[in-house]
Amino acid sequence: MPSSPFQIRPLFDADWPATWAVVEPAFRRGDTYPYPRDITSEAAYEIWVAGAAKTFVAEDKTGTILGTYYLKPNQPGQGSHVCNCGYIVANSARGMGVASQMCEHSQQEARQDGYRAMQFNFVVSTNAAAVRLWEKLGFNIVGTLPEAFHHPEKGYVDAYVMHKKLVNSQWTVRDQRGRQWLPFRFSSLAKSLSDLLRH
């Protein structure tokens, strides 16, 4: 199996100038992220690095940064078991699978850190390539925010909330009177049904 042409590693402060060169064009376009299009490097750093639990970069074998993502709790306290991520790929690296591998990597990191689910709060509906990729990687659209994003060319467009569970959920079966019968996981249910069909 051929090795990947790039690696994903934690971002260090010394990486920020090169990372900003990747992030800045996406923020300046204003068609995928809601941040001000005239945002400064310092303000972007606060969002992308200082405000995150972890930030990573994807770099090629020459050390050129091809993409970056952050990982953080989606909410504090009682909502901190769900994480949130943001991803940006350099224009020159599109079509190389960088976004896909960063998303896979972020899910591994999230599981290791104990998150139970990953949620994208604001996926712009006109960003069709991102929506297709997230759905391919197992995310579902669980909500639509009508005309929540002001696209610089297309006007007011919808934004999606997308979600993926990172752990198997435990379900509780109850009888007709509401009494608990048996806690089980979905995989256990499938096995039980398979066993019943054998008899």
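Side chains included, hydrogens not; waters and symmetry mates left out as well; all remaining heavy atoms used. Worth saying up front: this structure is predicted, and the values here are computed from it rather than measured.
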Handout entry: Co-membership, hydrophobic cluster, residues L11 and V98, 4.5 Å side-chain
Key = no
Practice task
Output yes when a side-chain donor or acceptor of R28 lies under 3.5 Å from a complementary backbone atom of I39, and no otherwise.
Solution key: yes
Practice task
State, with a plain yes or no, whether a side-chain heavy atom of I88 is found less than 4.5 Å away from one of F27.
Solution key: yes
Problem - Nearest-0.5 Å distance, CZ of residue F56 to CD1 of residue I65 - result: 13.5 Å
Handout entry: Distance-only polar pair, side chains of W48 and T55, donor-acceptor under 3.5 Å
Key = no
Exercise for the section: Kindly indicate whether the side chain of I141, heavy atoms from C-beta on, has any atom under 4.5 Å from the side chain of E135. Expected result: yes
Exercise for the section: State whether the side chain of T68 and the backbone N or O of T19 hold a donor-acceptor pair below 3.5 Å, judged by distance alone. Expected result: no
Practice task
Would you please test L145 and Y160 for side chain to side chain contact (heavy atoms under 4.5 Å, CB included) and show each step?
Solution key: CA-CA 6 Å; L145 309 174; Y160 299 138; over 6 Å; no
Practice task
Kindly indicate whether the side chain of F139, heavy atoms from C-beta on, has any atom under 4.5 Å from the side chain of Q119.
Solution key: no
Handout entry: Output field: ring centroids F120/W134 closer than 6.0 Å
Key = yes
Handout entry: Side-chain donor-acceptor pair present, S106, Y87, cut-off under 3.5 Å
Key = yes
Handout entry: Nearest heavy-atom neighbours spanning P146 and D158
Key = CA-OD1, 3.3 Å
Practice task
For residues Y69 and C103, determine if any side-chain heavy atom of one lies less than 4.5 Å from a side-chain heavy atom of the other.
Solution key: no
Problem - Close side-chain approach of E59 to T64, heavy-atom, < 4.5 Å - result: no
Problem - Heavy-atom side-chain proximity of P73 to V82 below 4.5 angstrom - result: no
Practice task
Report the relative orientation of the aromatic rings in H151 and F149; use parallel for angles under 30°, tilted for 30 to 60°, perpendicular for over 60°.
Solution key: perpendicular
Handout entry: N-O pairing of K54 and D113 below 4.0 Å
Key = yes
Fill in the blank from the handout: In this structure, NZ of K154 is separated from CG of D31 (nearest 0.5 Å) by 8.5 Å
Exercise for the section: Ignoring hydrogens and angles, tell me if any N or O in the side chain of D60 forms a donor-acceptor pair with the backbone of F6 under 3.5 Å. Expected result: no
Practice task
Give a yes or no answer on whether the side chain of K164 reaches the backbone of L137 with a donor-acceptor pair at less than 3.5 Å.
Solution key: yes
Exercise for the section: For residues V131 and V123, determine if any side-chain heavy atom of one lies less than 4.5 Å from a side-chain heavy atom of the other. Expected result: yes
Completion exercise
Interatomic distance, SG@C83 vs CG@L71, rounded to 0.5 Å, equals 5.0 Å
Problem - Single-linkage hydrophobic cluster, 4.5 Å side-chain cutoff, M162 and V124 together - result: no
Exercise for the section: Identify the two heavy atoms, one from A99 and one from L133, that lie closest to each other, and give their separation to 0.1 Å. Expected result: CB-CD2, 3.7 Å
Problem - N/O donor-acceptor pair under 3.5 Å between S80 side chain and G77 backbone - result: yes
Problem - salt bridge (Lys or Arg N to Asp or Glu O under 4.0 Å) evaluation trace for R9 with D15 - result: CA-CA 11 Å; R9 63 164 178 81; D15 296 317; 2.8 Å; yes
Handout entry: Side-chain donor-acceptor pair present, N74, N121, cut-off under 3.5 Å
Key = yes
Practice task
Please round to the nearest 0.5 Å and tell me the distance separating atom CG of L166 and atom CD of E109.
Solution key: 12.0 Å
Problem - Q107 side, atom CD; M102 side, atom CE - distance, nearest 0.5 Å - result: 12.5 Å
Exercise for the section: Check whether any side-chain heavy atom of V49 sits under 4.5 Å from a side-chain heavy atom of Y70, and report yes or no. Expected result: no
Completion exercise
Between the NZ atom in K72 and the OH atom in Y115, the distance rounded to the nearest 0.5 Å is 10.5 Å
